[in-house]
2 protein chains.
Amino acid sequence: MTKTAGVTAVDERLFLQSVARALDVLEAFAQSPRPKSLGEIAAATGINKSAAQRIGQTLLARGYLERADSGGLMLGRRLLDRSFDYLRSNPLIERATPVLMELRKLAGERVDLSLFDDTSTIYAIRLQSKRETFYATLPGRRIPTFLSSGGRACMAQMADAAVDDLLARSDRRPLTPKSRTGLPEIWEKVREARTEGYSWAAEEALIGEVVLAAAVLDGDRRPIGAVHVAGSLSEWAIPDFRRRFSPLAIEAARALST
Amino acid sequence: MTKTAGVTAVDERLFLQSVARALDVLEAFAQSPRPKSLGEIAAATGINKSAAQRIGQTLLARGYLERADSGGLMLGRRLLDRSFDYLRSNPLIERATPVLMELRKLAGERVDLSLFDDTSTIYAIRLQSKRETFYATLPGRRIPTFLSSGGRACMAQMADAAVDDLLARSDRRPLTPKSRTGLPEIWEKVREARTEGYSWAAEEALIGEVVLAAAVLDGDRRPIGAVHVAGSLSEWAIPDFRRRFSPLAIEAARALST
DNA sequence: CACGAGCGTATCGGCGCCCAATACTTGGGT
DNA sequence: ACCCAAGTATTGGGCGCCGATACGCTCGTG
């Protein structure tokens, strides 16, 4: 039972091939979310057409896939039910909802709760403010930990060795031209977050956007997520933005920490 | 290939038992989202402990389940990735996002996009306004079509026989004491929606809340979802609320219809 | 302290579910 | 009319899954 990249390794004999393949099929739509034919699914997942057919029919019958107008298969609405169950089951989400609402009201800017998940970070709650660009603000979006303000705030709470390990396993490709991808610059931001109590990032994930975040800790003082405040560079100078919102984010994150 | 309750029936020989059981395990958390032991999972899904173990290990390895502190299994963050893919793949969601943002700004109240799914209706996008009660406002929440304003707006676009069929298949249990569950009262609201172009409901899903909604139609004039505006009865009289927001919801829904 | 009831974990023989190749049917493009 | 690629359906065979069983552990309990 060893740990590899944050995922528990499993004895082969306890591993269900067909379940894993079904998950492969669903995950195939992460690359390109357009409808796919059985042949495309088979090619994308490395299984043959017969297996794709069986898996497709099964997921279709359960609502996790749907027929597109074109006749192909696309993701189904039933997936929303499962993520709803997840959100509802997570005590942090429940505690965070009213706190974030209040923060959103105070700040007047977009407010997010992200969940720390090793080399990436997922947005679980997103409270919009103004006009935003479609899917960049959907819940469920993943951002590499190393370039997210929330991710850096989480790394700041970890031991040096753990941060080094995480960064070594990260795929450090930039999302924008301003993404900091070099180890020294990332470490600099992590150290800054340790002294300031929060981290910030300007245009590293989305052009024109400045974000700051403070980490939420569990009972063992380990980071489990972060509270973000995001604003537009067309409305804010970075020093003003930091001065104004960092105390609010830190306060909210502390309220959520066990 | 017959249709039953909106789900396509599948040849038994194309149906993967272990995949279906894995989905059963995930769906078991819909009833009560707390962490479960293997024994509880086995009992809830009707499979034995060995199968639950294998499925659990597989879903755990893929991140769709996680270990709770107690040692039990709970839903995993990976579920959010799949719902993100779904939202991203749905063209309606993409078109609706800016329209709803604008509507939210104009109305100043909570705005939702729901997806029509036979006897129930799912909230896909939720733009909050003020303080709200936790999971009632999470995306992915399902409401019975017959008592949701958006669901009734959708039914108003269907043939009489189809509405009768849908209502006959519905589980018409109330969500609140004010939920209308009788067929005549529901039909009355459907007819009202046909003449008014929108539907409304007061405290039928949530106490203290009034909602109105207009249906979004696809290229064949069939309902695929609805645009909602929701307000608090502590701030609005129902006639004022209807007069003020119904034109906005109708306009937004028309803009989203193909 | 012994005990048993849970838990998660691990093992194993055997059967039946899933495998993959194949053929059929349909529809769209040339 | 042709062909290619799509989804659909069928089949025999093999091995992957099935489920009973057993092990070690941590509880709360008598």
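Just so it is clear: chains get the letters A, B, ... in the order the sequence lines come, proteins before strands, and each one is counted from 1.
Between A:Val216 and A:Val227, the closest heavy-atom pair is CG2-CG2, 4.0 Å.
Both the sub-6.0 Å distance and the 45° axial angle are not jointly satisfied by B:Arg62 relative to the ring of B:Tyr64.
Checked against ring pair (Phe, Tyr, Trp, His ring centres under 6.0 Å), A:Phe146 has no partners two or more places apart in sequence or in another chain. With sequence neighbours excluded, the residues forming a side chain to side chain donor-acceptor pair (under 3.5 Å) with B:Asp85 are B:Arg82, listed by chain and number.
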Readout for nucleotides 20-30 of chain C: B = base within 4.0 Å of protein heavy atom, S = sugar-phosphate only, - = neither; 5' to 3' it is BB---------
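The phosphate of D:dA6 has neither OP1 nor OP2 within less than 4.0 Å of any side-chain N or O from A:Arg67. The shortest distance between the side-chain N/O atoms of A:Ser18 and the OP1/OP2 oxygens of D:dC17 is below 4.0 Å. Look at A:Gln17 and you won't find any side-chain N or O under 4.0 angstrom from OP1 or OP2 of C:dC17.
Comparing the local axis fitted to the first five base pairs of the helix from C:dG4-D:dC27 to C:dT30-D:dA1 with the one fitted to its last five gives a bend of 40°, rounded to 10°.
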Determine all donor-acceptor pairs shorter than 3.5 Å in which one atom belongs to a side chain in residues 249-258 of chain B; sequence neighbours excluded.
{"from": "B:Ser257", "atom 1": "OG", "to": "B:Leu217", "atom 2": "N", "distance (Å)": "2.9"}
{"from": "B:Ser257", "atom 1": "OG", "to": "B:Ala253", "atom 2": "O", "distance (Å)": "2.9"}

Can you list, pair by pair, the side-chain donor-acceptor contacts under 3.5 Å of residues 42-50 of chain B, counting residues two or more places apart and other chains?
{"from": "B:Thr45", "atom 1": "OG1", "to": "B:Ile41", "atom 2": "O", "distance (Å)": "2.7"}
{"from": "B:Asn48", "atom 1": "OD1", "to": "B:Ser50", "atom 2": "N", "distance (Å)": "3.2"}
{"from": "B:Asn48", "atom 1": "OD1", "to": "B:Ala51", "atom 2": "N", "distance (Å)": "2.9"}

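In this model, a donor atom of one side chain and an acceptor atom of the other lie less than 3.5 Å apart for B:Ser120 and B:Arg142.
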Please evaluate residues A:Asp160 and A:Arg194 with respect to the criterion salt bridge (charged side-chain N to carboxylate O under 4.0 Å, His left out), reporting the C-alpha separation (whole Å), side-chain torsions for both, the decisive distance (0.1 Å), and the verdict.
CA-CA 12 Å; A:Asp160 285 8; A:Arg194 280 179 180 162; 2.9 Å; yes
